[in-house]
Every structure is written in C-alpha cells, then in structure tokens.
2 protein chains.
Amino acid sequence: MRTPGSVTKQAILVAARERFAADGYERATIRAIAADASIDPAMVIRYFGSKEKLFAAAADFQLLLPDVGTLPREELGARLVGHFLTRWQEDETLLALLRAGATNDAAAARLREIFADQVGPVVARLVPDPREAARRAGLVATQILGFALCRYALKLPPVVALSDAEVLGWLGPTVQRYLLGD
Amino acid sequence: MRTPGSVTKQAILVAARERFAADGYERATIRAIAADASIDPAMVIRYFGSKEKLFAAAADFQLLLPDVGTLPREELGARLVGHFLTRWQEDETLLALLRAGATNDAAAARLREIFADQVGPVVARLVPDPREAARRAGLVATQILGFALCRYALKLPPVVALSDAEVLGWLGPTVQRYLLGD
DNA sequence: GAGTCTAGACAACACTTGTTGACCAGACCG
DNA sequence: CGGTCTGGTCAACAAGTGTTGTCTAGACTC
C-alpha cells in the first residue's frame with residue numbers, strides 16, 4: 001500500500017539532499033531542487049511548507065552506530081572510523097549537514113543533536129562519568145568531522161588520496177585514544 | 001605617510017572579515033559589510049571591484065608558523081596546536097575561510113593553498129619524502145580544522161568547554177603522531 | 001454521470017542580491 | 001580663480017530568491 005504522492009515527495013527529498021550536500025544551505029535553491037526532481041518549485045513548498053522545513057526533513061539522519069558491547073575493546077577506534085567512513089560514503093545527508101552546518105544555525109543545531117543523541121550514548125557505555133563521556137565524544141567529533149571536512153568538502157589532495165586502510169591506520173589510534181586513552 | 005583612502009579600505013576589510021567569519025560567503029552581504037563600515041555599498045565595489053575580489057582580499061592570511069628547527073622535537077605537536085589555538089583566536093580570518101570554504105569553491109581553494117604553501121614546507125623540514133610530508137600535513141589539517149569547526153563554527157558544547165590546556169593535552173599527541181609517529 | 005478532491009502547472013508577488021552610473025562636495029594645484 | 005582629482009552618496013538596474021494564489025486535468029466517490 002503506497003501512499004500516493006509519497007513517490008514525488010521522496011524524489012524531492014533525494015534531490016534536496018544532493019543539492020544541500022553539493023552547495024550548502026543558501027546556494028541550494030528550491031528551484032534547482034525542483035528541477036532535479038522534475039517538478040514545479042511550488043510543489044516543494046506545497047509538500048514541505050518552506051525551505052527550512054524541507055531542510056529539516058532532508059536532514060533527518062541516523063548514524064547507525066554499531067553496538068560497542070560486541071566489539072573487541074582494542075579495535076574500537078578503528079571500527080568506529082571504518083563505520084563512519086562507509087556511512088559517509090553511502091549517505092550524502094551527512095555531507096549536506098556538514099556543509100550547511102558551517103553557515104546555517106539550524107543545521108549546526110541538528111549536528112549538535114546528532115552527536116549528543118547518537119554518539120554520546122555510545123561513548124557513555126564505555127565511560128561511566130557522563131561529563132567525561134561528553135568530552136570524549138566531542139574529541140571524536142573533532143577528528144571525524146575534520147577528516148570529512150578536509151576530504152569531502154575542502155578536498156585537500158593528500159587527504160583525498162588516502163586509501164581506506166590508511167585512514168583506519170592513522171585515525172583509528174586517535175579515536176581509540178579519545179575514547180579510552182590516557 | 002598614510003595613503004589616503006586606505007583608512008576606509010581597511011575598515012571595509014575588517015568589516016568584511018567579521019561578516020564572512022560570522023555568516024559565511026553567501027550570507028555575508030555587501031550591504032551588511034558596508035553598513036558595518038559606515039559606508040555606502042557602492043564604495044565597497046569601487047575599492048575592491050566585486051564581492052569575489054573583496055573576499056580574496058579579506059582572505060589573505062598568514063599562519064605565521066614557528067620555525068620547527070628551534071623547537072624541541074618531542075613538543076612539536078603541542079607547540080603547533082598551541083600556535084594554531086592562539087592564531088585562531090586572535091585573527092578571525094581563519095574562521096571566515098573555514099565557514100566560506102565549506103560552500104564556496106574559491107575559499108576552499110584558498111584554504112588548500114594555505115595548507116600547501118604554509119603547512120607543507122614546515123612538515124617537509126621534518127619529513128624528507130615530499131609525498132609523505134604532504135600526507136602528514138593533510139592529517140594535521142584534519143585534526144586542526146576539525147577542532148576549529150567543532151569549537152568555533154558548530155559550537156559543540158563539550159568542545160567549547162575544553163580549556164586551552166586540555167586541548168593541548170588531547171590534540172598535542174595526535175598532531176605529534178601525525179607529524180613524526182609510526 | 002455529478003461532485004469532490006488531489007497532483008500539478010503557471011504566472012506573479014515582494015524582496016534581496018551584486019553591481020552600475022549619475023551626481024556632489026571638497027581638497028589640491030596651476 | 002578655474003580645473004581636476006578623490007572620496008563619497010543616491011537612486012536605479014537586472015537577476016534571482018522564497019513564496020503564494022489561481023487555474024487545469026484527471027481520478028475517485030456517491
């Protein structure tokens with residue numbers, strides 16, 4: 001049972017994520033998104049109310065972090081980096097959030113929310129003290145988001161050139177230390 | 001001997017950096033910059049030709065990295081992190097570049113340039129092989145820019161809450177390893 | 001078959017953007 | 001004094017923005 005209209009609504013969401021990821025919030029125009037979805041700009045407003053609400057709908061994102069209980073404790077850093085790596089490549093929503101978050105406050109708030117709600121609890125299961133867990137989660141964020149920024153947004157050549165294995169080898173120990181070290 | 005006109009030109013540049021740092025490239029309007037500098041928008045164009053050229057002029061930035069030859073080898077990471085930390089706080093140009101670079105290609109190119117021209121050579125003096133030096137410089141960039149992104153742009157609470165000493169303690173070893181480790 | 005409802009198209013609105021050109025005041029130089 | 005140059009204001013332009021209202025075609029219900 002497919003709800004009618006949801007097909008174009010989904011098409012709009014896909015186009016919106018693409019545009020937001022490629023251009024950021026301000027430069028991604030409703031007209032361009034509508035054109036990508038082969039539809040009239042008015043329909044975008046009809047379905048989502050406004051550009052802000054469209055972004056909010058498009059920015060709904062799940063990190064799908066693995067259960068840290070089942071992972072070997074010494075490999076946590078590398079595993080997490082690997083998870084982020086694939087998650088980043090298979091879903092451009094994160095890039096949209098990152099690009100938009102640099103200039104748009106709602107997007108930044110959404111990113112804060114994601115890290116608080118989805119990364120925080122995972123780290124909290126490793127570190128008892130909630131204050132320290134939050135700090136460690138924040139440190140992980142600096143490395144993960146920084147890597148994504150340099151590779152996918154700024155496209156720094158040496159960072160783009162890294163193989164997945166090299167990324168694991170370099171960032172893995174860093175994240176491992178931020179999670180459990182010292 | 002002060003060249004006349006340079007005073008307002010400087011005022012425009014200051015206002016431009018502020019706006020670009022606060023709002024990013026697209027949302028920082030020439031009108032707002034002109035208003036901050038208490039001047040007519042037309043003058044901004046008169047002095048700089050276009051918004052793009054204004055940004056290019058405002059984004060002229062020197063990292064002023066210390067001479068790594070004079071620093072103790074074991075403290076390199078912490079020293080570099082400390083230098084970036086103060087440099088970031090005393091000059092908002094870097095934040096302007098970061099915010100704009102997330103969505104604007106010219107700004108991203110400028111950031112790539114800065115890291116290639118200013119960070120690259122420093123690392124090259126520590127690492128003989130130029131390819132490996134570039135890779136290590138890129139890794140440093142992921143951590144430094146990621147930290148700045150989370151603290152100054154996204155304002156992740158746990159990252160904002162870190163004291164300077166804590167930042168040195170956590171990021172120092174990471175940068176140290178990226179520079180000389182493994 | 002008449003009536004209703006929905007997806008969609010089209011044009012338009014009000015506004016903001018970067019940018020341009022015409023005009024003006026004053027300083028400076030002969 | 002007359003002329004020129006500099007720093008500046010003002011109003012306007014063309015283009016692009018998000019958003020709204022009006023209309024149409026078709027499907028579905030009674």
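Letters go in sequence order (proteins before strands), and every chain restarts at 1. Every heavy atom of this structure was used, including side-chain atoms; hydrogens, water molecules and symmetry mates were not.
In this structure, B/Ile39 atom CD1 and D/dC10 atom C1' are separated by 14 Å, rounded to whole Å. Computed from coordinates, the A/Arg46 CZ to C/dC5 P distance equals 14 Å when rounded to whole Å. One interatomic measurement links the two molecules: CD1 of A/Ile12 to C1' of C/dA7, which rounds to 11 Å at whole-angstrom precision. Regarding A/Ile33, its CD1 atom lies at a distance of 14 Å from the C1' atom of D/dT19, rounded to whole Å. Straight-line distance from the CD atom of A/Glu52 to the P atom of D/dT19: 8 Å, rounded to whole Å. Nucleotide D/dG7 holds its C1' atom 5 Å from the CE atom of B/Met43, rounded to whole Å. Distance CG (B/Asp40) to C1' (D/dA12): 12 Å, rounded to an integer number of Å.
One finds no salt bridge joining A/Asp40 and A/Arg46 here, because no Lys/Arg side-chain nitrogen approaches an Asp/Glu carboxylate oxygen to under 4.0 Å. B/Asp91 and B/Arg17 are not joined by a salt bridge, as no carboxylate oxygen comes within less than 4.0 angstrom of a charged side-chain nitrogen.
Ring-plane geometry between B/Tyr152 and B/Phe147 is classed as perpendicular, the angle between the planes exceeding 60 degrees on a 0 to 90 degree scale with a lower cut at 30.
Distances were taken from every side-chain heavy atom of A/Ala42 (C-beta onward) to each of C/dT20, C/dC10, D/dC23; the shortest belongs to C/dC10. Among the nucleotides C/dA9, C/dC23, C/dG8, the one closest to the side chain of A/Tyr47 is C/dG8. Comparing D/dG7, D/dC23, D/dT19 by their nearest atom to the side chain of A/Ile45 picks out D/dT19.
At least one test fails for B/Lys53 against the ring of B/Tyr47: distance under 6.0 Å to the centre or angle within 45° of the axis.
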*side chain to side chain contact (heavy atoms under 4.5 Å, CB included) evaluation trace for B/Val81 with B/Trp170*: CA-CA 10 Å; B/Val81 172; B/Trp170 283 106; over 6 Å; no
*Verify side chain to side chain donor-acceptor pair (under 3.5 Å) between B/Glu26 and A/Thr103, making sure each step is shown before the conclusion.*
CA-CA 9 Å; B/Glu26 356 278 343; A/Thr103 51; over 6 Å; no
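Residue B/Thr8 places at least one side-chain N or O under 4.0 Å from the OP1 or OP2 atom of D/dG8.
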*List the protein contact pattern of nucleotides 12-17 of chain C with one symbol per nucleotide (5' to 3'): B for base contact, S for sugar-phosphate-only contact, - for none; contact means a heavy-atom distance under 4.0 Å.*
B----B
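Applying the salt bridge (charged side-chain N to carboxylate O under 4.0 Å, His left out) rule to B/Arg110 yields the partners B/Asp60, B/Glu113; only residues at least two apart in sequence or on another chain are considered.
When every heavy atom of A/Ala15 is checked against every heavy atom of A/Ile33, the shortest pair comes out as CB-O, 3.7 Å.
In this structure, CD1 on B/Ile144 lies 12.0 Å from CG on B/Leu98, to the nearest 0.5 angstrom.
Less than 4.0 Å separates DNA chain D from no heavy atom of any residue of residues 98-111 of chain A.
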